[in-house]
Amino acid sequence: MHMEKTTIIPKDFMWGGAVTSFQTEGASEQYGKGLSIIDAREVPEGFSDWKVAVDFYHRYKEDIELFKEMGYNAYRTSISWSRIFPDGDGEVNEEGLQFYDDLIDELIANGIEPIMTLYHFDLPLALAEKYNGFASREVVDLFEKYAQTVFTRYKNKVKYWITFNEINLVLLNPDYFGITDPNSSEKLKYQLCHNVLVAHAKATKAMREIVPNGEMGGMISYISTYPATSKPEDVLANYKAKEQLIDLYLDVFANGEYPTYITAELEAKNSMPIFEENDLSILKENIVDYLSISYYQSRIVEHVDGQGFAEGMAKNPNLSASEWGAAIDPIGLRIALKDMYARYRLPIFITENGIGVNEELDENNHVDDHYRIDYLNQHLEQMKIAMQEGVDVIGYLTWGSTDILSSKGQMSKRYGNIFVNREEKDLRDLKRYRKSSFHWFKKVIESNGEKL
């Protein structure tokens, strides 16, 4: 029997791009904004600081016009906590709230759904210095207050929210969550992890109370992992790495409780975090509406005696990699989507996918980024197959819309469909130029993913 090929991407599918406040806005010490832990980081030799970024703070109207031309109906950015509460607490900065009001209004006026992330690794510096970041329950309470403030302000404008960007990096990069000593004990790291998960659940609860039609997503950085060989030890090591890196967080998001494989291990190692009285019920009663992932690469895992889950992870010899060493693995995205949906039966929103490349304008002020088109094309093909296989995917956002500073502050690591004319130190004129992938993505969106 011949089956008619049906359209598998729904009409209300969300297409667009994703960025953060600190990698785009600039104005890092202006308009009442306090310093964040990002602003205070030492700038590595040959990298950029955050003072101007791509000047989105002043140019967002021009950029949104380009996004509209590309066909976006969704755009994800983050709110800078220190733009709202300069010290993380105390008086609210009205100018900061107004900026996001204006930005959100401009998106909506152009038919673009705002997807807002509450926290993208940019804790107000004062909270790191005073409390050691999310290691303290004080910061959990202040995060809840900040979340309530922005939900109240934007409740009639923003439907889709994400609490923490890539929450599963908390054990690998505790400094992203405000811990000042990178060599903290394992016990403290798990306490930090627990506090962040509780903060996520409290913000979810606040959104349900304040934003009646709101949808809350729990987000992880999804790195697909494979056993290095068919040796049972490697298969088991891969299984355990996935539990620690991926499943722990998705289980809390979707089921509202810690999985037993984590609690058993933490109890055996005497690393169980301290739970406050209502923590179990707060987690249980505030599961998410959708799961959100960034996807860039996969790794292989081999058994390493007595080491942490990250120690056995290595590059897959069967895959090529980007200039920055990320394995290019479109099928890994499909594997991730299939596994998540089979386990949790929740809608999945791909809120980051892209490739960073060192690029320069040619003599015609153009960038022919056919390699980016190939990369995005292959990932979209695998997404579509996963959807044909029954996975509920609600949107796809490329990482970067315009070029932005990378998370470490490199302008040379360009992800955008739109070139921004600046270098690490030389701001040039910050002009915007459409790359080849701009026109390709416009066609993809116009055809709702039919034409790749």
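All values below were derived from every heavy atom in this structure, side-chain atoms included, with hydrogens, water molecules and symmetry-related copies excluded.
The side-chain tip of R343 does not point at the ring of Y341 from less than 6.0 angstrom away and within 45° of straight on.
Here the options are F134, Y146, Y176, W161, the test is ring pair (Phe, Tyr, Trp, His ring centres under 6.0 Å), and the partner is Y119; only F134 passes. When each of W81, Y131, F85, F177 is paired with F143, the ring pair (Phe, Tyr, Trp, His ring centres under 6.0 Å) condition holds for W81 and for no other. Exactly one of V19, V420, D403, D55 qualifies for a side chain to side chain contact (heavy atoms under 4.5 Å, CB included) with T24. That residue is V19. Of the residues Y154, Y57, Y31, F56, the one that meets the ring pair (Phe, Tyr, Trp, His ring centres under 6.0 Å) test with F99 is Y57.
A salt bridge links R76 with E352; the closest basic N to acidic carboxylate O contact falls under 4.0 Å. Under a 4.0 Å N-O distance rule, the pair K205/E209 qualifies as a salt bridge. Ion pairing between a basic and an acidic side chain is recognised when a charged N comes within 4.0 Å of a carboxylate O; E423 and R428 show such pairing.
Heavy-atom contacts from other residues, nucleotides or ligands closer than 6.0 Å to NZ of K425 number more than 12. Around the CD1 atom of I108, the shell of radius 6.0 Å holds more than 12 heavy atoms that belong to other residues, nucleotides or ligands. Environment of CD in E91: sparse, with no more than 12 heavy atoms of neighbouring residues, nucleotides or ligands closer than 6.0 Å. By the neighbour-count criterion of 12 heavy atoms within 6.0 Å, atom NZ of K408 is sparsely surrounded, having that number or fewer from other residues, nucleotides or ligands.
Between W324 and N358, the shortest heavy-atom distance links the atoms CZ3-N, 3.7 Å.
Side-chain contact annotation: S78 with T20, donor-acceptor N/O pair under 3.5 Å absent. A donor and an acceptor atom, one from each side chain of S412 and E424, are located under 3.5 Å apart.
For an aromatic pair to be called close, the ring centres must be under 6.0 Å apart, and Y190 with H194 fails this.
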